[in-house]
Amino acid sequence: MDIDDLAKGIIAGERRALARAITLVESGRADHRAAAAELLAKLPTDRQALRIGLSGTPGVGKSTFIESFGMMLTAQGKRVAVLAVDPSSARSGGSILGDKTRMDRLSRDPNAFIRPSPSQTHLGGVARRSREAVRLCEAAGFDVVLIETVGVGQSETVVAEMSDAFVLLLAPAGGDELQGVKRGIMEIADLIVINKADGDLKSTAARTRADYAGALRLLRKRPQDPEGYPRATAVSALEEDGLDETWVALQELIEWRRTKGFWDRTRAAQARYWFEQDVKQRLLAQLETQQAKDDLSRLSDAVAEGTRDPAEAAAEFVSRLRAD
């Protein structure tokens, strides 16, 4: 493919070019990785979207919320990109859930772009190249990028390293949900949204919201938060009620962080984090060469047989990697 033409298509906001580019950056082939690096270097860096990480327990209605929330934003004239990281098939490596098929209205909106990506073998369900996909969406002129993870787990800490705000979706009357999500995820959440606040569950959702609001007040104050944050809201994605309040809360938080300088400092820290992660990934990739696999097998056998000391064998293996 012509990288210059692809870059021009992305900058012009062409959805087909964006889809092809994300496929390119997700590829593990060495030639594709080189082409992806060349493409990213040609894209502008001054376009910044609001990056919102989003997660929640299974069955909480993430897809319904994202669709309703996205439709509200596009109705306001904003361009919205959704990067939905699906669980992967162990057999083919492809997406299992197919989030795009569960957001039918939003997928047909000309101001929206939905990309389901298989999580593959990456820890916790964040696609290996989600950060680069976010950059592509920003270069394509999208105003808001929603990054949805598979579910509550280790992936949330990774999503926090590529988001400007992190939203945790919960259901009303979840019983031991607060215990289930643990304190760790509560500490990185900027907004807790109680979904399904409609019908018989409306009053229950209000009580659940109050419970979480109380729990949030017990957490240690974070320097990047204004007064009253993190906070809890209640919405009905089905009835599209409470979405405005959630959006206003996010805007207030982001505007305060911009004014106080936290936005720029966080983006800089995230860039440093991803640089270090890329270095580690490249070093790990050296273990996948045939020579490295042969050396590792030979030394492992020697250690297992007791003819080599583990530390000595490890030192030899690393020295051979450096020599190569």
Side-chain angles (χ1 to χ4, degrees), residues 15 19 22 49-76 78-89 94-120 122 124-127 130 133-134 137 142-153 155-156 158-159 162-163 165-174 177 180-181 185 189 191-199 201 205 208 233-247 250:
R15 289 151 59 111
I22 293 178
L50 173 57
R51 308 170 183 172
I52 302 174
L54 190 142
S55 190
T57 50
V60 76
K62 290 193 295 293
S63 295
T64 305
F65 173 82
I66 290 174
E67 181 169 59
S68 297
F69 191 65
M71 293 295 292
M72 178 196 70
L73 294 178
T74 57
Q76 296 176 10
K78 300 190 183 304
R79 299 186 69 211
V80 179
V82 179
L83 301 176
V85 184
D86 280 351
S88 296
S89 164
S95 298
I96 293 175
L97 296 181
D99 276 298
K100 193 168 184 177
T101 63
R102 294 185 287 133
M103 303 180 200
D104 182 57
R105 287 188 304 145
L106 189 61
S107 66
R108 289 184 278 110
D109 193 312
N111 285 324
F113 174 82
I114 302 176
R115 175 66 181 222
S117 299
S119 58
Q120 298 169 346
H122 197 287
V126 180
S130 292
V134 170
C137 291
F142 284 91
D143 303 300
V144 180
V145 180
L146 299 173
I147 311 160
E148 179 200 0
T149 66
V150 171
V152 174
S155 61
E156 279 59 45
V158 182
V159 170
M162 66 176 83
S163 303
F166 183 80
V167 176
L168 176 63
L169 270 178
L170 297 173
E177 231 173 26
V181 299
I185 194 170
L191 201 64
I192 291 181
V193 177
I194 312 301
N195 194 19
K196 302 184 179 181
D198 47 54
L201 289 175
T208 305
T233 66
V235 306
S236 168
L238 193 63
E239 297 180 354
E240 300 183 358
D241 183 38
L243 298 174
D244 286 334
E245 179 189 353
T246 301
W247 177 234
L250 283 169

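This chain uses plain numbering: 1 for the first residue, then up along the sequence.
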What closest approach, in Å, do [X] and [Y] show between heavy atoms, and which atom pair accounts for it?
X: P172; Y: I194; value: N-CG2, 3.8 Å
X: C137; Y: V145; value: CB-CG2, 3.9 Å
X: N195; Y: V60; value: ND2-O, 3.0 Å
X: G59; Y: K196; value: O-NZ, 2.6 Å
X: L250; Y: A165; value: CD2-CB, 3.9 Å
X: K78; Y: V144; value: CD-CG2, 4.4 Å

Atom [atom1] of [X] and atom [atom2] of [Y]: how far apart are they, to the nearest 0.5 Å?
X: I147; Y: I66; atom1: CD1; atom2: CD1; result: 10.5 Å
X: S63; Y: D104; atom1: OG; atom2: CG; result: 12.0 Å
X: L238; Y: F65; atom1: CG; atom2: CZ; result: 13.5 Å
X: T246; Y: D241; atom1: OG1; atom2: CG; result: 9.5 Å
X: L106; Y: T74; atom1: CG; atom2: OG1; result: 6.5 Å
X: L73; Y: L50; atom1: CG; atom2: CG; result: 9.0 Å

Whether R15 side chain and N111 backbone form a donor-acceptor pair below 3.5 Å: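 Judged by distance alone, no pair lies under 3.5 Å.
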
S236 (side chain) donor-acceptor with E239 (main chain) under 3.5 angstrom: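 A pair under 3.5 Å: yes.
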
Student check: side-chain heavy atoms of V235 and F69 closer than 4.5 Å: no

Test: R105 and D109 ion pair at under 4.0 Å: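 No.
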
Parallel, tilted or perpendicular: ring planes of F113 versus F142, cut at 30 and 60 degrees: tilted

Partners passing side chain to side chain contact (heavy atoms under 4.5 Å, CB included) against E245 (at least two apart in sequence or in another chain): R209, T233

